[in-house]
Amino acid sequence: MKQYKIPNATIKRLPLYHRYFQFLKDSDKKKISSTELAEAVQVDSATIRRDFSYFGSLGKRGYGYEVEPMLEFFKKLLNQDKTSQVALVGVGNLGNALLNYNFSQTNNIKIAVAFDKNPQIIGQKINDVPILDTEKLAETIQNQEIDVAILTVPANNAQKVADELVQAGIKGILNFSPLRISTPPTVRVHNVDLANELQTLIYFLDNYR
Ligand SMILES: NC(=O)c1ccc[n+]([C@@H]2O[C@H](COP(=O)([O-])OP(=O)(O)OC[C@H]3O[C@@H](n4cnc5c(N)ncnc54)[C@H](O)[C@@H]3O)[C@@H](O)[C@H]2O)c1
């Protein structure tokens, strides 16, 4: 399968399809029509067909999709059998919320360890995740073979921590800080900005209703 030919927008929708087929399986549904699927995931059926076409022929025209094989397909594609261990740096308000959430709805992502520099919280656990001193960052990430980190430190420390993460061998950073961090091209950074999302939503409401 030539993954590099698949558009980013399609890749971003894969977890959505996976989650919905899991939901159907949990509800004992065996089959779903393409119209029902389109309505449920709120993606039009032409886009769904195009998305699926990148992976060969999934489902038959006019027949819909069989839940079990589709779920197995997305599980494999998204590597659901392997749990990705994630590190989190910066256990403040946002870090706390993410640790308490800890992706409990997805069984293949888990924050395994958190780091902070505040001596008052180092050594504690949140939702069973240990909070370690940032001094231990490189050693722990290497020992636990962690590839992905969530960055929830204040903007003024974000680049410094990102550099430490890169140095430790991290391959992907989910950056919540407002700073656009610089990393080598081999490290992928995804920025999460709730204010941006809200502004975009409001813009759409104002202009396209
Ligand atoms: N993307 C979003 O939508 C969004 C939403 C809210 C907050 N934020 C951003 O997330 C970040 C965290 O916000 P918050 O409200 O949780 O802040 P906070 O001040 O409550 O927490 C920051 C934590 O980072 C720790 N820290 C600081 N420097 C560190 C370092 N060098 N190594 C390890 N730990 C360090 C602090 O000790 C503290 O525990 C900020 O950059 C904020 O702007 C983003």
Side-chain angles (χ1 to χ4, degrees), residues 8-16 18-19 41-43 78 83-106 108-208:
N8 278 354
T10 297
I11 293 173
K12 283 193 174 164
R13 283 189 286 269
L14 299 178
L16 177 70
H18 169 257
R19 215 173 319 145
V41 295
Q42 296 197 355
V43 177
L78 297 168
T83 301
S84 298
Q85 309 271 25
V86 176
L88 178 140
V89 193
V91 189
N93 289 310
L94 189 56
N96 255 280
L98 293 172
L99 285 171
N100 280 307
Y101 171 59
N102 209 353
F103 311 97
S104 46
Q105 289 168 333
T106 29
N108 74 328
I109 309 172
K110 185 172 169 278
I111 302 173
V113 62
F115 300 95
D116 205 286
K117 62 170 193 176
N118 177 358
Q120 289 186 319
I121 57 170
I122 291 169
Q124 292 181 12
K125 278 186 177 181
I126 295 177
N127 200 8
D128 272 343
V129 181
I131 304 168
L132 308 184
D133 192 332
T134 8
E135 306 261 292
K136 299 248 167 68
L137 190 137
E139 178 193 332
T140 314
I141 282 175
Q142 278 155 17
N143 286 346
Q144 299 196 17
E145 297 179 0
I146 295 175
D147 288 335
V148 176
I150 300 174
L151 191 56
T152 46
V153 297
N156 58 350
N157 281 346
Q159 187 60 56
K160 178 176 166 281
V161 175
D163 292 343
E164 288 167 14
L165 288 167
V166 170
Q167 200 68 38
I170 284 289
K171 305 278 184 294
I173 299 175
L174 188 63
N175 175 31
F176 278 89
S177 88
L179 189 83
R180 291 295 171 253
I181 51 175
S182 328
T183 56
T186 47
V187 176
R188 200 173 171 101
V189 179
H190 282 202
N191 297 300
V192 182
D193 188 331
L194 296 182
N196 235 353
E197 295 292 325
L198 267 177
Q199 265 167 351
T200 314
L201 173 64
I202 292 164
Y203 176 84
F204 274 105
L205 292 185
D206 288 347
N207 293 282
Y208 292 95

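Both counts, for ligands and for their atoms, begin at 1 and track the order of listing. Given the structure is predicted, the values throughout are model-derived calculations rather than measurements.
Side-chain atoms of Gln167 and Asp163 form no donor-acceptor pair, as typed in the model, at a separation below 3.5 Å. Using modelled atom types and a 3.5 Å distance limit, the side chains of Asn127 and Asn100 yield no donor-acceptor pair.
Under 4.0 Å from any atom of ligand 1, one finds heavy atoms of residues Val89, Gly90, Val91, Gly92, Asn93, Leu94, Asp116, Lys117, Asn118, Thr134, Thr152, Val153, Pro154, Ala155, Asn157, Val161, Phe176, Ser177, Pro178, Val192, Asp193, Leu194.
Atom NE2 of His190 and atom CD1 of Ile150 lie 13.0 Å apart (nearest 0.5 Å). Put simply, OG on Ser177 and CG on Leu174 are 10.5 Å apart, with the number rounded to the nearest 0.5 Å.
Between Leu165 and the options Thr183, Val148, Ile146, Ile173, a side chain to side chain contact (heavy atoms under 4.5 Å, CB included) holds for only Ile173.
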* **Trace of the side chain to side chain contact (heavy atoms under 4.5 Å, CB included) decision for Phe115 with Thr140** => CA-CA 10 Å; Phe115 300 95; Thr140 314; 3.8 Å; yes
